[in-house]
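Okay, so here's the structure we're looking at.
Convention: sequence-line order gives letters A, B, ...; per-chain numbering from 1. Being a predicted model, the structure only gives us computed values, none of them experimental.
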2 protein chains.
Amino acid sequence: MVIFLKQKKRRITLQDVAKHAGVSTSTASLVIRNHPRISDATKQKVLNSIEELGYVYDRVAAKLRSQSSKIIGVIVTDISNKFISEFLIGVQQTLEKMDYTVLLGTTFDSVSKQERLISTMVEHRVDGLIINAASKTNKSTISQLNHLELPVVLANREVEHVNCDYVGIDYIKGTYLAVSHLLKKGHTRIAFLGGIKMSSTWKDRMKGFQKAHDNAGVAVDKSLIIDGLPTSEGGVQTVLEVLKNPNPPTAIFCFSDLVAFGVLQGLGMQGIIPGQDIDIVGFDNIPEAEIYHPPLTTVSSFPRTIGIKAATILYNKLEQDDSIQQRIILNPELVIRETST
Amino acid sequence: MVIFLKQKKRRITLQDVAKHAGVSTSTASLVIRNHPRISDATKQKVLNSIEELGYVYDRVAAKLRSQSSKIIGVIVTDISNKFISEFLIGVQQTLEKMDYTVLLGTTFDSVSKQERLISTMVEHRVDGLIINAASKTNKSTISQLNHLELPVVLANREVEHVNCDYVGIDYIKGTYLAVSHLLKKGHTRIAFLGGIKMSSTWKDRMKGFQKAHDNAGVAVDKSLIIDGLPTSEGGVQTVLEVLKNPNPPTAIFCFSDLVAFGVLQGLGMQGIIPGQDIDIVGFDNIPEAEIYHPPLTTVSSFPRTIGIKAATILYNKLEQDDSIQQRIILNPELVIRETST
DNA sequence: CTGAAAGCGCTTACAG
DNA sequence: CTGAAAGCGCTTACAG
């Protein structure tokens, strides 16, 4: 009697399949990977055996041998932020088509968490990384990856003085568009609320803010610039603070739509009506901006497209040895709605 | 002269570390995994060598040998949905603490995409799966995983007639609370808008909807029940349709907050003022519900807690062989705001 | 507490 | 177009 009881099920391997189909293991391996060199008859035999034995391909063994994991690490600051989740959808949809899977990490803007996530992902032998870097990311974090010769694409936030592909939008231009729109409407006291001063995304917006003012011959009042969390809480806090100014602003440029929602809430608490008493512009054009009441004037930043581009660049680096470094900067668009008509 | 040029860098292995430290490979392996059996002196020697050689642990090799990947597959319907992204944060934070990493897949509610994602994840030898199943998920999808003896936890949506751990909230009770609140206010014509009829989440809400009516002795008018996409677009569509009813509703229960935002938008288009002309209740209590204008009455569904619980159950199944099947149903809470005061 | 050896399940040259 | 054999870098019994 053969003893089956309690015997741990042995995994069906490619060898079993090959034996069952009456071919060599290497042939079976080629069939699995759809190699053109195999005759249709052989292919069919192997596929039948796979079906019959219930064989499950083992990518772990494959990646140990072939040194390619078909996994891409994606590190973001916060998935509950709509801009980021839209970006992630773009990344995922693109990679999926190319048979890559996403290993996800969230840093909540913590540099130490980011370091830990990156090393875990390297240990898992990801084929490449797409990083939406934390605000205070050190350039050494990225240069270490370059040293390991691991392809990396930065997205949304640039890390200064670093040698790396990058996809993002032109925050300077976007802010310039938004602030110029307010200046054209006759505003001369425009606040800039929310966002973290250390981040490249804040600095870029500041440049656009300044440039629009310079162009219009209007001086920037530094007391109207208050940084804070890039969330709706940050919006509430900063707007309440700026309203205490003896000479308060007549318009507000917000770091993001999320911040703008907080700003609108803060204004509501003070009985100030946006679009009437004060003009508000956001940044990102997340779907909620349109259905918010009142609908928010904002700058479109196409996060999904950024995700698609980032994934495509990485893919080209992996499969086509496309080593030319790229910097793709998408053009933003101003969308005028009721908060600043 | 030694030829270094163009020579592909050989990977530093644990053997190199062991040789460098003057110990055996097995000892080095134990040091890496923090085995208590190793003396402090030996440990220090090995750690120094790791540092010096710049050794990177290879989890791929480790998992081929040890049959444990330290990767959990997480499959969700849509990360850009706030409920889902909050859920994911809960899952991620919990797993990360336990040294597991998340392989992410998004189905967009497509069953075939879900099937493909699951098999890719199985090929990557995930240690377990957390699945926020697509609406029309077939029970065979889950039973196949049970057959592979892969631990699975379902979250948010139950798959009928299936043998599996589950974490979700009590949608029946949540809807009962919301609809009873409207009935107590004297409404007798309450619409139920949005959500897909096939899904367990819709069916449960329907049960709660019916039960609240039965309790109040009010008949349900089927012409006020219109299903649709669980998005704000779905909300706009279904509210415009229900308003065409010769005898329109005086209150609306929405499948989710997202649907409610669409409903509010649709009402705005018709000049109907929520909280005044008509009462609205949502479901989920996403952060935007509070800062929306007007703030939305809704049911709190604690997605982050669901994520934490799901990850914890899975962890216990993996590490403690905790094979008792669990069904955790969280209690929802009604949050009354301006759309129904 | 440590060492020598086998093996996880593939892919990859190489030879035919 | 196919086969036999080595090897990816770990962990795991087993022996000491």
Side-chain angles (χ1 to χ4, degrees), chain A residues 8-47 49-50 53-71 99 120 122-127 148, chain B residues 8-47 49-50 53-71 99 120 122-127 148:
Chain A
K8 209 173 164 187
K9 250 185 277 177
R10 201 177 60 78
R11 193 182 174 102
I12 307 288
T13 73
L14 201 50
Q15 277 200 43
D16 301 328
V17 171
K19 197 176 289 171
H20 186 271
V23 300
S24 75
T25 326
S26 18
T27 305
S29 173
L30 292 171
V31 169
I32 270 187
R33 285 172 293 145
N34 238 320
H35 199 282
R37 191 168 86 184
I38 302 293
S39 71
D40 278 357
T42 314
K43 196 165 161 178
Q44 208 40 254
K45 266 197 300 185
V46 174
L47 290 178
S49 300
I50 285 175
L53 299 177
Y55 169 72
V56 176
Y57 181 50
D58 189 336
R59 290 188 192 245
V60 173
K63 65 189 161 194
L64 174 58
R65 178 61 231 243
S66 69
Q67 310 291 51
S68 151
S69 67
K70 290 284 177 186
I71 292 183
D99 196 30
T120 305
V122 170
E123 291 178 4
H124 279 298
R125 280 211 195 175
V126 294
D127 285 341
L148 287 170
Chain B
K8 209 171 163 189
K9 249 185 279 176
R10 200 177 62 77
R11 193 182 174 101
I12 308 287
T13 72
L14 201 50
Q15 278 200 44
D16 301 327
V17 171
K19 197 176 288 171
H20 186 271
V23 300
S24 75
T25 326
S26 19
T27 305
S29 174
L30 292 171
V31 168
I32 270 186
R33 286 171 294 145
N34 239 321
H35 199 282
R37 191 168 87 187
I38 304 291
S39 72
D40 278 357
T42 313
K43 196 165 162 179
Q44 208 40 252
K45 266 197 301 186
V46 174
L47 291 177
S49 299
I50 285 174
L53 299 177
Y55 168 72
V56 175
Y57 181 50
D58 189 334
R59 291 188 192 244
V60 173
K63 65 188 158 193
L64 175 58
R65 178 62 229 240
S66 69
Q67 310 290 51
S68 150
S69 67
K70 289 283 175 189
I71 291 183
D99 196 29
T120 306
V122 171
E123 290 178 4
H124 278 298
R125 279 209 196 177
V126 294
D127 286 341
L148 287 170

Nearest heavy-atom pair of B:A61 and A:L64: which atoms, and what distance?
CB-CD1, 3.8 Å
Taking every non-hydrogen atom, the tightest pair across B:I12 and B:L53:
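Between these two residues, the closest heavy atoms are CG1-O, 3.7 Å.
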Report yes if the side chains of B:D58 and B:T13 come closer than 4.5 Å at any heavy-atom pair, otherwise no.
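B:D58 does not reach B:T13 side chain to side chain.
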Any non-hydrogen side-chain atom of B:K63 less than 4.5 Å from a side-chain atom of B:R125?
no
Under 3.5 Å side-chain donor-acceptor pair for A:S26 and A:S24
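Yes, a side-chain donor-acceptor pair sits under 3.5 Å.
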Just by protein heavy atoms under 4.0 Å, how would nucleotides 9-16 of chain C read 5' to 3' in B, S and -?
BBBB----
Quick one: look up who D:dT2 pairs with, Watson-Crick or G-U, both distances under 3.5 Å, and put none if it's unpaired.
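Partner of D:dT2: C:dA15.
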